Amino acid sequence: MTSEAHSTYSEEEDGDEEAMAYYDDDDLDAFADEDLDCSCEEGVLGLSDPFGGEVKPRILLMGLRRSGKSSIQKVVFHKMSPNETLFLESTNKICREDVSNSSFVSFQIWDFPGQIDFFDPTFDYEMIFRGTGALIFVIDSQDDYVEALSRLHLTVTRAYKVNPNINFEVFIHKVDGLSDDHKIEKQRDIHKRANDDLADAALERIHLSFYLTSIYDHSIFEAFSKVVQKLIPQLPTLENLLNIFISNSGIEKAFLFDVVSKIYIATDSSPVDMQTYELCCDMIDVVIDISCIYGLTGEEAGIPYDKESMAIIRLNNTTVMYLKEVTKFLALVCFLREESFERKGLIDYNFHCFRKAIQEVFDVRVKVQKSRKLLSQRRWSKQAMPNGTPAPQH
Ligand SMILES: Nc1nc2c(ncn2[C@@H]2O[C@H](COP(=O)(O)OP(=O)(O)OP(=O)(O)O)[C@@H](O)[C@H]2O)c(=O)[nH]1
């Protein structure tokens, strides 16, 4: 395998940098009124903490004690190594974290303590479920899951009553200790029992999606990618753009990755196989690691990834992997045959058009965010002055 990688980390702004600044600043602007950013440690909430004005979709992590909820969050979003999760303490309050890596990957994760009680009057579950986009229920596959299944049923039915638009995602977790046959067997059993319970309650219309996951391989990143993709309204547009890009460039497969979390936010319409996805994750690791070691020029340089970041890796099976920066947090990773890579000029030109199109999609999103913000400000000021009295000037 041969590889080339290139990254520069100049802190000085150049002409093109404006385009990047335009991205980021507008993004920040758009979210200025919902500046709820806090680390997990700082973001511990009381159970009745209201988040009235918030717009970002929520992803809830629920499940029994020690099922692996905090480990998932730490491994996917904090680069914690799986072995370190052995030392995580039990969560005893709801722990909220903002994930705003890029314009398309922007949500909040709420990690719930295992023993949460729906009948506790201080637990305002209606408020919580109302703003929820996805509810991930984690089941420990190495443990007896009878209790977990009844908890899943209770949680899902409560949540559905409050908000029928929630995506219900079930992670059959810790499958690293199981053989392939055993994994399939567990998935079938859990799937059947959970759906039977819903059918018994005449709630067949609730759809549950199941994933086999482990923090010890890439399955957890892949599952999270699928959960997040469902929350991206621009997904069909992104997929379309990727389809057009690859079919005109002789590329076999392309992924749009969020570099920080290694979640892929979109891919073309050809099927994804796990090995290809793992190779992409490894490539991103190589680029970021090399850049961290050799590229960083200053303390405040932050994430070692910029508009010059790119990498080419030639595999020993005549396949080439090509990574290019799309925005400050997004990368395009492509797989193509060596002979197709001879037309690199054409690929780069098409990439340029693809990148521009992504910026336009992003532009529309920012405009929508801004008009929503304006609208809510107007509503708010009307409420503040019901008789039309102008606000006092200071
Ligand atoms: N084998 C294996 N162990 C895991 C996996 N994920 C988490 N664990 C382990 O499971 C244990 C519990 O993990 P936590 O993340 O603390 O579980 P939790 O659901 O947040 O627990 P509470 O905070 O008590 O609700 C830890 O020892 C983890 O190392 C996995 O995929 N495979």
Side-chain angles (χ1 to χ4, degrees), residues 39-47 58-97 99 108-120 122-123 125 128 132 134-156 158-159 168-187 190 209-227 261-263 274 277-278 281:
S39 73
C40 194
E41 286 70 27
E42 290 160 352
V44 172
L45 294 182
L47 290 181
R58 260 175 230 159
I59 298 181
L60 309 185
L61 272 169
M62 294 183 138
L64 296 188
R65 265 175 179 280
R66 313 302 290 159
S67 53
K69 302 176 290 294
S70 309
S71 308
I72 292 173
Q73 192 194 4
K74 295 283 178 196
V75 169
V76 176
F77 297 104
H78 294 267
K79 303 264 160 278
M80 183 180 271
S81 89
N83 288 329
E84 280 177 70
T85 64
L86 289 167
F87 309 106
L88 281 178
E89 284 181 16
S90 207
T91 317
N92 50 26
K93 280 188 180 156
I94 299 175
C95 191
R96 183 194 57 138
E97 184 184 6
V99 178
Q108 291 188 340
I109 297 195
W110 290 34
D111 182 7
F112 282 73
Q115 78 285 5
I116 204 125
D117 179 7
F118 284 107
F119 301 102
D120 181 344
T122 60
F123 176 51
Y125 67 86
I128 289 171
T132 296
L135 190 160
I136 299 176
F137 195 92
V138 185
I139 297 180
D140 181 347
S141 67
Q142 297 186 5
D143 202 8
D144 179 30
Y145 44 76
V146 175
E147 195 193 335
L149 281 171
S150 70
R151 198 76 208 167
L152 167 70
H153 182 76
L154 179 69
T155 310
V156 163
R158 292 258 159 165
F168 295 106
E169 320 278 4
V170 183
F171 284 10
I172 303 168
H173 193 52
K174 304 192 191 178
V175 292
D176 42 277
L178 308 177
S179 68
D180 282 350
D181 286 349
H182 215 148
K183 278 184 203 171
I184 304 294
E185 182 58 36
K186 285 243 162 146
Q187 180 166 10
I190 291 176
S209 304
F210 295 86
Y211 308 82
L212 291 164
T213 57
S214 164
I215 53 168
Y216 287 95
D217 57 34
H218 290 90
S219 57
I220 193 64
F221 293 94
E222 220 212 336
F224 234 103
S225 300
K226 291 188 174 146
V227 171
S261 62
K262 284 187 282 177
I263 282 176
M274 190 70 173
Y277 174 69
E278 284 178 13
C281 290

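Just follow the structure's listing: the first ligand is 1, and inside any ligand the first atom is 1. Heavy atoms only: backbone and side chains are in, while hydrogens, waters and symmetry mates are out. Not measured: the values here are computed from a predicted model.
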Q: State, with a plain yes or no, whether a side-chain heavy atom of F221 is found less than 4.5 Å away from one of V75.
A: yes
Q.
For H173, which part has a heavy atom under 4.0 Å from ligand 1: side chain, backbone, both, or neither?
A. side chain
Q. What do the steps show when you test V175 against K186 for side-chain contact (heavy atoms from CB on, under 4.5 Å), and what is the final call?
A. CA-CA 9 Å; V175 292; K186 285 243 162 146; over 6 Å; no
Q. Does any N/O atom on Y216 come nearer than 3.5 Å to any N/O atom on ligand 1?
A. no
Q | Proximal candidate to atom 17 (O) of ligand 1 [heavy atom criterion; set S141, S219, G68, S71] | A | G68
Q) Would a 4.5 Å heavy-atom cut-off, applied to side chains only, mark T85 and M80 as touching? A) yes
Q. Atom 11 (C) of ligand 1: which of Q142, M62, K174 has the nearest heavy atom?
A. K174
Q. Atoms of ligand 1 less than 4.0 Å from L86 heavy atoms?
A. 27 (O), 29 (O)
Q | Listed partners of Y277 passing ring pair (Phe, Tyr, Trp, His ring centres under 6.0 Å), at least two apart | A | F257, Y264
Q: Please identify which atoms of ligand 1 are closer than 4.0 Å to at least one heavy atom of T85.
A: 26 (C), 27 (O), 28 (C), 29 (O)
Q) Under the 3.5 angstrom rule, does the side chain of R96 hit a backbone N or O of Q108 as a donor-acceptor pair? A) no
Q. Quick one: does G63 get within less than 4.0 Å of ligand 1, heavy atoms only?
A. no
Q) Do the side chain of K174 and the main chain of I139 share a donor and acceptor less than 3.5 angstrom apart? A) no
Q: Just jot down the ligand 1 atoms closer than 4.0 angstrom to any heavy atom of S90, in number order.
A: 22 (P), 23 (O), 24 (O)
Q: Heavy-atom contacts with K69 under 4.0 Å: which atoms of ligand 1 show up? List them by number with element.
A: 15 (O), 17 (O), 18 (P), 19 (O), 20 (O), 25 (O)
Q: May I ask you to check whether F112 has an N/O atom sitting below 3.5 Å from an N/O atom of ligand 1?
A: no
Q) Taking only residues two or more places apart in sequence or in another chain, which ones pass side chain to side chain donor-acceptor pair (under 3.5 Å) with S219? A) D217
Q. Minimum heavy-atom separation for S209 to E169, with atom names?
A. CB-OE1, 3.4 Å
Q. What atoms in ligand 1 come closer than 4.0 Å to a heavy atom of S214?
A. 31 (O)
Q | Per-atom contacts, ligand 1 versus D176 - under 4.0 Å to a heavy atom | A | 1 (N), 2 (C), 30 (C), 31 (O), 32 (N)
